[in-house]
Amino acid sequence: MSDTVDPEGLSNFQRRQRLIKGLQQKELIISEKEDNTKTAAFLFISFDLVNSTSFKSLHPNKWPMVFNRFYELVENHVMKRFTNSRVWRYAGDEILFYRQIYNYADLYSSPKDALAVIKTVTEALNSRYPETKNILYLKSTLWIAEATYVKPQELSDSENIVNNLIINYDINDKRNIDFLGADIDLGFRISEYAQREKVVVSAELAFLLYRARGIIEYKCGYDVTEDLRIVSYERLKGIWGERHYPIIWYHENWNDLDKMFFYDDHYGSEIVSRLANNKFTEEMKIKRLQKIFDDVDNNGKVEGLIELFKETDEVKIMQSVSQYNLAEVHCVAICFNDKGEILLGKRPEGKRRFPGKWEFGCGQLKKSQEFEECLVESYKEDFFAEIDFFSDLTPVSTYLIEDDLEGRKIPGIMFIAHVNNPDQVEQKYSKSNHSEIKWFNPQKLNEISENDYVDRFKDTVEKAVDAWQQKKGAS
């Protein structure tokens with residue numbers, strides 16, 4: 001078929017790509033091969049609570065609320081960092097996600113993002129439920145696999161047998177999705193070797209990251225050869241013919257083991273004991289993966305995954321099991337102290353949107369949630385700020401984020417608020433969500449460089465100050 005051009009100047013291919021981008025937040029996109037099976041490459045992401053049994057016994061009346069909040073926080077932050085990810089399942093103390101990979105670059109920051117989710121959620125839980133501190137922790141597992149969608153009526157057809165299946169099934173009149181196969185099981189095997197505040201990365205994913213190590217260091221700010229390390233070789237049932245599989249951890253403090261482990265971790269883990277005794281040999285370095293994949297003849301599988309990243313022509317709607325649906329609305333509170341200064345946070349350089357910019361903070365509205373509840377909850381977690389809204393909520397402005405990468409527009413609404421505990425904010429704000437905070441004097445608005453701040457910063461501050469002064473005058 002010829003690639004004609006329509007009146008808008010878009011070719012058929014460009015129109016398809018635009019359609020795909022518009023659907024990605026609602027639909028799962030799967031490529032279609034010549035044999036009419038639908039196959040795609042997926043990243044699987046797992047987060048699990050460590051010491052949950054101990055916490056339940058210590059706090060029998062508190063743990064249901066804490067666990068519910070754990071699910072909600074993880075889902076919220078995964079959706080922010082892993083674009084187009086979907087909840088796969090909830091399994092006790094664990095929540096799993098899947099994300100179709102459309103481009104090799106979609107994988108680059110995945111270990112760093114997973115560790116950031118661990119840190120952010122841990123901070124938020126400790127802030128809201130102090131009794132979780134030094135008891136409950138998170139761990140994460142990342143792995144990648146090819147999977148093929150097979151309709152339920154075709155499961156009995158031997159000609160449709162593939163390595164990994166995607167199937168739909170119904171529970172309580174709700175359509176769900178599941179993934180089955182040896183490569184899917186791999187993630188559950190290696191997750192047994194995950195530990196507190198560590199990210200376990202499958203060898204296949206780590207090998208893909210190693211091959212792109214130069215551009216990853218440039219674009220994502222971490223060194224694959226240093227931050228990813230083989231910590232053990234284990235025989236895993238049904239994996240690689242039960243040859244020794246490399247267990248790989250991602251972390252940022254390999255040169256300071258005191259930050260990675262508790263003083264007694266080595267008593268309960270051979271891996272930690274070996275690392276603590278500095279038994280880190282050449283065969284533990286991530287560059288060893290090249291020989292490993294040559295020896296097990298798995299280079300073809302990796303190349304096949306890369307090829308799948310390029311195929312995104314067909315779409316297939318599949319339902320998520322998410323119980324914490326987020327509305328596509330952002331809520332901002334422009335927070336004043338008693339001096340009339342405005343609370344600002346500096347976004348980390350690693351953020352995809354507005355890296356390194358000063359902002360007011362933000363919450364994302366959940367379905368059936370009121371604006372006030374969303375703002376109080378979000379600013380407590382991000383800034384440790386206890387806020388009120390004077391006599392009532394006062395909207396200041398609306399805005400629109402146009403995300404070209406995701407092909408969507410995200411509406412937002414801004415309100416003014418008052419911070420009741422400014423001293424605590426300066427001490428206890430979330431370092432994961434903002435690298436710095438400051439109280440900004442609006443009288444110095446004309447002295448700043450707008451390039452250092454989020455869009456429409458000056459206009460927003462002027463409107464917020466007018467609304468704040470009216471509130472003060474009314475009181």
Side-chain angles (χ1 to χ4, degrees), residues 13 16-17 20-21 24 28-45 81-86 97-114 141-149 162-166 179 181-187 190 199-220 222-225 227-228 230 239-240 245-246 248 250 286-316 352 405-406:
F13 174 80
R16 288 197 301 270
Q17 291 303 104
I20 287 169
K21 286 183 177 181
Q24 282 177 354
L28 176 66
I29 300 172
I30 300 179
S31 64
E32 181 156 6
K33 291 184 173 181
E34 292 180 358
D35 61 0
N36 291 323
T37 60
K38 299 179 178 68
T39 302
F42 294 89
L43 174 68
F44 298 95
I45 312 157
R81 289 185 175 271
F82 293 88
T83 308
N84 304 323
S85 57
R86 290 288 179 268
F97 303 82
Y98 62 91
R99 178 194 186 200
Q100 190 186 342
I101 302 303
Y102 307 99
N103 188 292
Y104 199 163
D106 290 344
L107 299 173
Y108 290 170
S109 66
S110 53
K112 186 175 182 178
D113 287 339
T141 305
L142 301 175
W143 74 104
I144 190 169
E146 171 185 329
T148 301
Y149 175 65
V162 293
N163 289 333
N164 306 296
L165 299 176
I166 309 168
F179 296 85
D183 295 334
I184 311 301
D185 292 343
L186 167 66
I190 63 175
V199 179
V200 174
V201 180
S202 71
E204 291 77 8
L205 175 55
F207 189 39
L208 284 167
L209 297 175
Y210 175 72
R211 288 172 52 159
R213 58 194 178 279
I215 193 169
I216 288 175
E217 184 170 8
Y218 172 72
K219 286 193 170 184
C220 303
Y222 74 93
D223 186 345
V224 171
T225 61
D227 295 342
L228 281 166
I230 302 171
I239 305 300
W240 283 15
Y245 188 90
I248 298 165
Y250 171 85
I286 206 69
K287 67 179 182 181
R288 187 74 171 171
L289 287 177
Q290 182 62 69
K291 174 174 174 52
I292 293 170
F293 274 77
D294 287 343
D295 288 352
V296 297
D297 196 24
N298 260 6
N299 288 291
K301 177 179 285 189
V302 172
E303 295 296 338
L305 287 167
I306 293 174
E307 284 300 311
L308 279 174
F309 299 161
K310 303 172 185 177
E311 302 176 10
T312 55
D313 285 346
E314 297 295 324
V315 298
K316 175 69 182 180
R352 184 171 65 83
L405 181 62
E406 297 180 14

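Scope of the values below: all heavy atoms of this structure, side chains included, with no hydrogens, waters or symmetry mates.
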Just how far is it from atom [atom1] of [X] to atom [atom2] of [Y], taken to the nearest 0.5 Å?
{"X": "F44", "Y": "L186", "atom1": "CZ", "atom2": "CG", "answer": "10.5 Å"}
{"X": "L43", "Y": "L107", "atom1": "CG", "atom2": "CG", "answer": "6.0 Å"}
{"X": "L308", "Y": "E146", "atom1": "CG", "atom2": "CD", "answer": "4.5 Å"}
{"X": "L305", "Y": "F207", "atom1": "CG", "atom2": "CZ", "answer": "12.0 Å"}
{"X": "Y250", "Y": "L228", "atom1": "OH", "atom2": "CG", "answer": "7.5 Å"}
{"X": "T225", "Y": "I286", "atom1": "OG1", "atom2": "CD1", "answer": "9.0 Å"}

For [X] and [Y], indicate whether the former's side chain and the latter's backbone hold a donor-acceptor pair under 3.5 Å.
{"X": "Y104", "Y": "L208", "answer": "yes"}
{"X": "K112", "Y": "C220", "answer": "yes"}
{"X": "D183", "Y": "A145", "answer": "no"}
{"X": "D295", "Y": "I292", "answer": "no"}
{"X": "S202", "Y": "L205", "answer": "yes"}
{"X": "Y245", "Y": "A203", "answer": "yes"}
{"X": "R99", "Y": "T83", "answer": "yes"}

Hey, can you tell me if F179 and F42 have their rings parallel, tilted or perpendicular (30° and 60° cut-offs)? perpendicular

Is there a side-chain contact between I248 and L289 in this structure, where contact means two heavy atoms from C-beta onward sitting under 4.5 Å apart? yes

CG of D297: more than 12 outside heavy atoms within 6.0 angstrom? no

Between P111 and L209, what is the shortest heavy-atom contact and its length? CG-CD1, 3.5 Å

Residues V201 and I190: closest non-hydrogen pair is C-CD1, 4.3 Å

